[in-house]
Asks: 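I am attaching a structure below and will ask some questions about it afterwards.
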Amino acid sequence: MSDTIINEYQQKLGALIDPYAGTTWSALGVQSEVSQSVQGVVSISLTFPYPIEGQRAAILARVALVAPGAAVSLKSHVFAIKPQESVHRLPAIKNIIVVSAGKGGVGKSTLATNLAVCLQAEGATVGLLDADIYGPSQPLMLNSGGRAQVSGGRFQPIMRYGLATMSIGYLLEPTTATVWRGPMATGAMMQLLQQTDWPACDYLIMDMPPGTGDIPLTMAQKIPVSGAVLISTPQQVACADVRKGYEMFEKLKIRTLGIVENMSGYTCPACGHDDPIFGTSSHVPAMAEALGLPLLGQIPLKRDIQACADQGMPLLLASSDAAVISCFQDLARRVAARLAMQPRDYALATPIVTSVNSKQEQKPHEH
């Protein structure tokens, strides 16, 4: 195959639009290799900068439009993204993503849990840190009660649904109230982060405490954050508080990846009536546009979401509601794609997260 034909294939591939990044594969940084065997079979190898396990069929169909009959192999390589300056990176963690809001009660814990599970299902290695010292929710939402073990002076994360998880709830009795002043709570949080034996993770999702007070402020100043995801419910009072959270991250030079609208609408399962319980129009899209941020997802108010959380089962594994599952899958892909577009930190070695599929060609997983 001549260089001219190879370049033509690569240009066509690079011009394809990634639906979750909202840009071309070339701009996203998808790497393509094109070759041809002596028998004339064209082989294409594509490496995506975020995990794509759940997209394999869709990607192959997209490639077939510009390279029909080609043997295609797919894999992904999650890069470490540069955190804010003057903050030391944790050796085992490539990217810390904080899930935050300016207030409580908007569904951060539910979203953080399902975001982590969906990223893991896409082929990434994922950790989940419950950073809410005063109101830890993850032990209940993951049905992962019990005490964390200590080995060599370090906490051992509790594995649940493929996630490495840690929470203050693993160290205290379930009914014990955390009546601590800010410095104590902040110190405990930093211990959970820094003194846990995390496995090598592509993403560590941090379920942040509410507000912009001492604990989230101190944590944001000391933790190497690759990106923040802001959560809001549709009403104006929630948006006003979330905007304050955005301003906090801006002052700390932490990039915000986008905003998620939670409880975006309610449809009666019996009659199909749409009930605008937060008003006839949401304030979240307008806020996202005003801040220059993408709207990463709109999660409806559904009984399945509450039921799965209370039962300690991730929605992806327990719900039969395909539409709401798709909302969370799309959210996870947009978060990962948006993060992949940020400046990379090449100082950290980055193992490959694999996702290989082709009707014509199968290759072993790389690690």
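In what follows, residues are counted from 1 in the order of the sequence shown. Any value given below was found using the heavy atoms of this structure, including those in side chains, with hydrogens, waters and symmetry copies removed.
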Asks: Is it the case that the side chains of Tyr266 and Asp274 hold a donor-acceptor pair, with the cut-off being a distance below 3.5 Å and no angle test?
Replies: no
Asks: With heavy-atom distances below 4.5 Å as the criterion, would you say the side chains of Leu128 and Leu142 are in contact?
Replies: yes
Asks: For Tyr161 and Asn143, test the side chains for any donor-to-acceptor distance below 3.5 angstrom and give the result as yes or no.
Replies: no
Asks: Could you give the distance from CD1 (Ile299) to SG (Cys327), rounded to the nearest 0.5 Å?
Replies: 5.0 Å
Asks: What is the distance from atom CD1 of Ile97 to atom CG of Leu339, rounded to the nearest 0.5 Å?
Replies: 5.0 Å
Asks: Considering only heavy atoms from C-beta outward, does the side chain of Val260 approach that of Leu331 to under 4.5 Å?
Replies: yes
Asks: Should Gln138 and Ser144 count as side-chain neighbours, where that means a heavy-atom distance under 4.5 Å?
Replies: no
Asks: Without hydrogens or angle criteria, can the side chains of Tyr50 and Gln55 be said to hold a donor-acceptor pair below 3.5 Å?
Replies: yes
Asks: Would you call Arg154 and Asp197 a salt bridge, using N to O less than 4.0 angstrom?
Replies: yes
Asks: For the backbone of Met208 and the side chain of Asp132, can you confirm whether one donor and one acceptor N or O come within less than 3.5 Å of each other?
Replies: no
Asks: For the atom pair CE (Met166) and CD (Gln156), what is the distance rounded to the nearest 0.5 Å?
Replies: 8.0 Å
Asks: Taking the six-membered ring of Phe79, is NZ or CZ of Arg344 closer than 6.0 Å to its centre and within 45° of its axis?
Replies: yes
Asks: Check Gln236, Glu261, Arg243 against Met287 for a side chain to side chain contact (heavy atoms under 4.5 Å, CB included) and give me the one that passes.
Replies: Arg243
Asks: Would you check if Arg338 and Pro294 make a side-chain contact, meaning some heavy-atom pair closer than 4.5 Å?
Replies: yes
Asks: Rounded to the nearest 0.5 Å, how far does CG of Asp321 lie from CZ of Phe328?
Replies: 10.5 Å
Asks: Does the pair Lys94/Asp202 count as a salt bridge with the N-to-O cut at 4.0 Å?
Replies: yes
Asks: Quick one, Pro199 and Pro157 - any side-chain contact, counting heavy atoms below 4.5 Å?
Replies: yes
Asks: Do the side chains of Lys12 and Glu8 get close enough for a salt bridge, i.e. N-O under 4.0 angstrom?
Replies: yes
Asks: Would you tell me whether Asp207 and Ser109 have side-chain atoms, one donor and one acceptor, within less than 3.5 Å of each other?
Replies: yes
Asks: Just so I know, are the side chains of Tyr170 and Phe155 near enough to count as touching, which here means a heavy-atom distance under 4.5 Å?
Replies: no
Asks: Check the side chains of Asn7 and Gln11 for a donor-acceptor pair under 3.5 angstrom, ignoring hydrogens and angles.
Replies: no
Asks: Check Gln84, Met206, Arg255, Lys253 against Val225 for a side chain to side chain contact (heavy atoms under 4.5 Å, CB included) and give me the one that passes.
Replies: Gln84
Asks: Could you measure the distance from the OG1 atom of Thr196 to the CG atom of Leu129? Nearest 0.5 Å is fine.
Replies: 7.0 Å
